[in-house]
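Quick notes on the structure that follows.
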2 protein chains.
Amino acid sequence: MTETDRRIAVFESQLKGAGLRMTQQRRLILRVLAEADDHPDAKGIFTRAFAHDPTLSLSTVYRTMKVLESQGAIERHAFEDGISRYEHADQEHHDHLIDVDSGEVIEFSSDAIEELQRRIAAELGYELVRHRLELYGRKKPPARRSGKKKS
Amino acid sequence: MTETDRRIAVFESQLKGAGLRMTQQRRLILRVLAEADDHPDAKGIFTRAFAHDPTLSLSTVYRTMKVLESQGAIERHAFEDGISRYEHADQEHHDHLIDVDSGEVIEFSSDAIEELQRRIAAELGYELVRHRLELYGRKKPPARRSGKKKS
DNA sequence: GCTGCAAATGAGAATGATTTTCTTATAGCT
DNA sequence: AGCTATAAGAAAATCATTCTCATTTGCAGC
């Protein structure tokens, strides 16, 4: 709760600085986001928030996501289905591995891959601004001690 | 033209094998795709093909793209704007670098990055099925001989 | 070359995520 | 408390993509 409140306070001062208001709805959505440990989409956020405030509308969720994103408070990702998913941004940069069977999203980060990307862009005469990296994988069975290969 | 015709012939036999038909429309769309050296979206393909056959409909383009994709004849990519873009698939695997200023798409490939991705997935207990890598960059001015750093 | 029919097409309606419009409510300053 | 610009709610609009359905067309067999 403390962590959530800290995030909310930080965001509130960011808003203030931009001449924007801290509303009940924004507070609520921010709380939902801070408490989420997955990557919910707009409807998912709406559903969770709606449980606490049944007057909330989906438009407000979308609008709020935009504000939050423009303030750098959240990150938006669109995986293969094209639907935007959100996560709060106060963590180090990371990429995503998506389990193709379950849809589960696993976060990872690799300095080596970041560096490699920068070098590739440079070789093409570009300065890397940002990137999108998604790995789609299937869970491997744990290694056997002396396994026979199975077809 | 020869290359285009070869692609069309190959695709026709693929279709036949799947019990599907080679229609005028599919031939036309395939030709448009084979002649494209960029990454057009459905509307772009439609526009180019429509010039050759004004009875063509956009639905047919979408339907055909699905068939082509399921036969492995084309690849579909959705960059940041979420719109599907297509390119013919008879080339080695590659990733894309998008010029954030011009929108230009540059293709590149790197065995090192492929390998690194595979390793990262493996470390997380996954077998890499596929991946999506897009670099967004800005053109760097050509290096100066003894340049002073500019802000 | 004709027939039959399953597959494909064209035109437009339907879908689904997201954005916009417009009217009403409210945050935050005085 | 009162003012006013920003925000919210509800519903309509948008836009890419898919679907429906009536009509057309490949193509296999005669």
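Below, each value reflects all heavy atoms present in this structure, side chains not excepted, and no hydrogens, waters or symmetry copies. Note that the structure is predicted; figures quoted are calculated from it, not measured. Residue numbering restarts at 1 for every chain, and letters A, B, ... go by the order of the sequence lines.
Criterion: ILVMFWY side-chain heavy atoms under 4.5 Å apart, direct or through other members. Under it, Leu116(A) and Leu128(B) are part of a common hydrophobic cluster.
The interatomic distance linking Leu58(B) (CG) with dC15(D) (C1') rounds to 12 Å, in whole Å. The CZ atom of Phe79(B) sits 17 Å away from the P atom of dA16(D) (whole-angstrom rounding). The interatomic distance linking Gln24(B) (CD) with dT23(D) (C1') rounds to 17 Å, in whole Å. One can place NZ of Lys43(B) at 13 Å from P of dT14(D), the figure rounded to the nearest angstrom. Taking atom CG of residue Asp53(B) and atom C1' of nucleotide dT9(C), one finds them 11 Å apart after rounding to whole Å. Distance, His77(B) NE2 to dA16(D) P: 20 Å, rounded to whole Å. To the nearest angstrom, P of dT26(C) lies 14 Å from CG of Leu56(A). Following rounding to the nearest Å, Ile83(A) (CD1) and dG16(C) (P) show an atom-to-atom distance of 11 Å.
The side chain of Ala42(A) sits closest to dT18(C) out of dT18(C), dT6(D), dT18(D). You'll find that the side chain of Leu20(A) is closest to dA7(D), out of dT9(C), dT18(D), dA7(D). With dC21(D), dT18(C), dT17(D) as the choices, the nucleotide that has an atom nearest any side-chain atom of Arg63(B) turns out to be dC21(D).
When all heavy atoms of Ile29(A) and Val61(A) are compared, the closest pair comes out as CD1-CA, 3.9 Å.
Taking 4.0 angstrom as the limit, Thr55(A) places a side-chain polar atom (N or O) nearer than this to OP1 or OP2 of dG9(D). Contact annotation: Tyr62(B) side-chain N/O to dT18(D) OP1/OP2 distance is not under 4.0 Å. For Thr60(B) and dG10(C), the shortest distance from a side-chain N or O to OP1 or OP2 is below 4.0 Å. Within the structure, every side-chain polar atom (N or O) of Gln25(B) is placed at least 4.0 Å from both OP1 and OP2 of dG26(D).
Using a 4.0 Å heavy-atom criterion, one finds that Arg26(B) contacts the sugar-phosphate atoms exclusively.
Judged by distance alone, with hydrogens and angles left aside, Ser59(B) brings a side-chain donor or acceptor within reach of the base of dG12(C), the pair sitting under 3.5 Å. Taking 3.5 Å as the limit, the base of dA7(C) and the side chain of Arg21(B) contain a donor-acceptor pair of atoms between them.
His39(A) and Glu107(A) form a side-chain donor-acceptor contact under 3.5 Å, judged by distance and modelled atom types alone. Residues His77(B) and Glu134(B) bring no donor and acceptor atom of their side chains to less than 3.5 Å of each other.
Along DNA chain D, the nucleotide nearest to Glu12(B) and the one nearest to Asp41(B) differ in position, and the one closer to the 5' end is contacted by Asp41(B). Between Arg85(B) and Arg27(B), the residue whose closest nucleotide on DNA chain D is further toward the 5' end is Arg85(B).
The pair Arg31(A)-Asp53(A) does not meet the salt-bridge criterion, since no charged nitrogen lies less than 4.0 angstrom from a carboxylate oxygen.
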